[in-house]
There are 2 protein chains.
Amino acid sequence: MTDAALHIHPTGHDHAACVDEALETAETLCVERGARLTPLRRRVLELVWSSHRPVGAYDILGRLDGSARKPAPPTVYRALDFLIEHGLVHRIESMNAYLGCNHPEQSHTGQFLICRECGNVTEMDDDDVRQTLRRKAAERGFDARSQTVELVGLCATCRAG
Amino acid sequence: MTDAALHIHPTGHDHAACVDEALETAETLCVERGARLTPLRRRVLELVWSSHRPVGAYDILGRLDGSARKPAPPTVYRALDFLIEHGLVHRIESMNAYLGCNHPEQSHTGQFLICRECGNVTEMDDDDVRQTLRRKAAERGFDARSQTVELVGLCATCRAG
DNA sequence: GTATGGCCTGATACACTGTATCATACTACA
DNA sequence: TGTAGTATGATACAGTGTATCAGGCCATAC
């Protein structure tokens, strides 16, 4: 099995293209903002994007090993902090894991669909949901500033299979 | 300051009544289901209800100390598992902490309003939200089985203050 | 009344996740 | 070139959660 084959996503898309696009978008966005997408941060982003499943910080740490010396946890967490701050990565709270974001341009909080069968996570980013939650909270006098929405269930592919 | 005073909630309610009600509801519900609300589980539930702020598992562990010998982590986690399974306690994913549920009768997944100022958490349990999320996910071919909804912001009290 | 099986708790050890702190290296800019 | 600010290295530790085995308690059956 080639390395490329390993990157084929269950739904059959060419995942290498996903990764390339994500990295290019990140480069562009960081240049625009004057943020520094260092080799380390770029590598971490690449590893987060290695699949559409959330990746644990220590998984990333392990896979960074190949480079020179093995980095320590803070190295990975700092890189993740940077990527999250710039909207390039989301943290999936219910899994203590991290997922690449495919539209980091506009700041947002996504809603995540977590398949309990294949582990893939897709992002909804639905504005109706966002507004509904804001409104419902406001009705109770609560001013919502950030939202965590994570649904666990079965994705279309796994339901069909 | 009396022990009772310690239990006064910011909004001014008599929190001891909250706790009593929660414990009584739990007793009733466990009897109905043939589940065993053992002294340990009851004590853990009581500690979870010590405030309207989520409580960490190790906080509970520490406060169990008073009894005989100091219990070990699995003891607390098992009790929490039992309480969660019976809908008596919610886990707040974004905080790795646990919160008492005030309507454990009907099985549900609540939506949580977390005040970043005072730390109090209130539950919405809004069926519109639940249905909206289910529907939006279904539109994407996703069959949502469980929902995690946690909003961070400012509660009415803290906005006023 | 004892035996058996199931559930609950004790206890040890460990795995996983995340952070505080100080030191070093790099980069950009004056 | 020097300097300030940023990024990374390195050590140590804190916080969260689980695997596993042993012992205890209780109900039911015999």
Side-chain angles (χ1 to χ4, degrees), chain A residues 26-27 30-48 53-86 88-99 114 119 148 150, chain B residues 26-27 30-31 33-48 53-86 88-99 119 148 150:
Chain A
E27 301 268 15
C30 284
V31 168
E32 283 175 11
R33 296 182 184 170
R36 295 168 55 188
L37 188 64
T38 64
L40 173 67
R41 290 166 174 171
R42 194 178 192 285
R43 178 84 180 114
V44 169
L45 180 58
E46 193 181 353
L47 289 171
V48 168
R53 282 183 287 278
V55 181
Y58 279 72
D59 284 349
I60 294 169
L61 191 57
R63 293 199 240 170
L64 279 176
D65 208 356
S67 346
R69 356 163 221 276
K70 184 181 172 67
T75 299
V76 169
Y77 282 102
R78 283 186 293 226
L80 287 170
D81 286 345
F82 171 87
L83 296 170
I84 290 171
E85 192 180 346
H86 288 281
L88 297 163
V89 163
H90 288 291
R91 177 182 158 84
I92 307 298
E93 299 291 345
S94 60
M95 302 180 68
N96 296 331
Y98 304 85
L99 182 73
I114 304 167
T148 297
E150 299 172 9
Chain B
E27 301 268 16
C30 284
V31 168
R33 296 183 185 171
R36 295 169 54 188
L37 188 63
T38 63
L40 173 66
R41 290 166 173 172
R42 194 177 191 285
R43 178 84 180 112
V44 169
L45 181 59
E46 193 181 352
L47 289 171
V48 167
R53 283 183 286 277
V55 182
Y58 279 72
D59 284 351
I60 294 170
L61 190 57
R63 294 199 240 169
L64 279 177
D65 207 357
S67 346
R69 0 161 216 275
K70 184 180 172 67
T75 300
V76 169
Y77 282 102
R78 284 186 293 227
L80 287 170
D81 286 345
F82 171 87
L83 296 170
I84 290 170
E85 191 179 346
H86 288 280
L88 297 163
V89 163
H90 288 291
R91 177 181 158 84
I92 306 299
E93 299 291 345
S94 60
M95 300 180 69
N96 296 330
Y98 305 84
L99 183 72
T148 298
E150 299 172 7

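Just so we're on the same page: letters track the sequence lines, and every chain starts at 1.
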Using every non-hydrogen atom in the two residues, find where B:Pro54 and B:Ala97 come nearest and quote the distance to one decimal. CB-CB, 3.4 Å
Specify the closest pair of heavy atoms between A:Leu88 and A:Cys30, including all atoms of both residues, with the distance to one decimal. CD1-SG, 4.4 Å
Who are the side chain to side chain donor-acceptor pair (under 3.5 Å) partners of B:Glu93, not counting sequence neighbours? B:Arg91
Name the pairs: protein N/O against N/O of nucleotides 20-26 of chain C, kept only if under 3.5 Å.
none

Atom pair distance, as rounded to whole Å: NE2 in A:His86 and P in D:dT6: 12 Å
Rounded to the nearest angstrom, tell me the gap between atom CZ in A:Phe82 and atom P in D:dT6. 13 Å
What is the distance, rounded to the nearest whole Å, between atom CG of B:Leu61 and atom P of C:dG10? 11 Å
Nearest whole angstrom, please: distance from the P of C:dG18 to the CG of A:Leu80. 9 Å
Shortest non-hydrogen contact between B:Leu47 and B:Val55, atoms and distance: O-CG2, 4.0 Å
Between protein and nucleotides 14-17 of chain D, what N or O pairs are separated by less than 3.5 Å?
from, atom 1, to, atom 2, distance (Å)
D:dG17, OP1, B:Arg91, NH1, 2.4
D:dG17, OP1, B:Arg91, NH2, 2.8
D:dG17, OP2, B:Tyr77, OH, 2.9
D:dG17, OP2, B:Tyr98, OH, 3.4
D:dG17, O5', B:Tyr77, OH, 3.4
D:dG17, N7, B:Tyr58, OH, 2.6
D:dG17, O6, B:Tyr58, OH, 3.3

Applying salt bridge (charged side-chain N to carboxylate O under 4.0 Å, His left out), name anything that partners B:Arg41, two or more places apart in sequence or on another chain. none
Nearest-Å distance for atom pair CD1/P, residues A:Ile92 and C:dG18: 12 Å
Rounded distance in Å - CG (B:Leu40) to P (D:dC25): 14 Å
In short, A:Val44 meets A:Ala79 closest at the heavy-atom pair CG2-CB, 3.8 Å
Any residue meeting side chain to side chain donor-acceptor pair (under 3.5 Å) with A:Asp59, in chain and number order, not counting sequence neighbours: none
Output the rounded distance in Å from CD (B:Glu93) to P (C:dG18). 13 Å
Of the non-hydrogen atoms in A:Val76 and A:Ala57, which two are nearest, and what is the gap between them? CG1-O, 3.6 Å
Side chain of B:Thr38 (C-beta onward), nearest among D:dT8, C:dG10, C:dC8: C:dC8
Partners of A:Arg42 by salt bridge (charged side-chain N to carboxylate O under 4.0 Å, His left out), sequence neighbours excluded? A:Glu27
Distance, rounded to the nearest Å, where A:Arg43 contributes CZ and D:dG9 contributes P: 14 Å
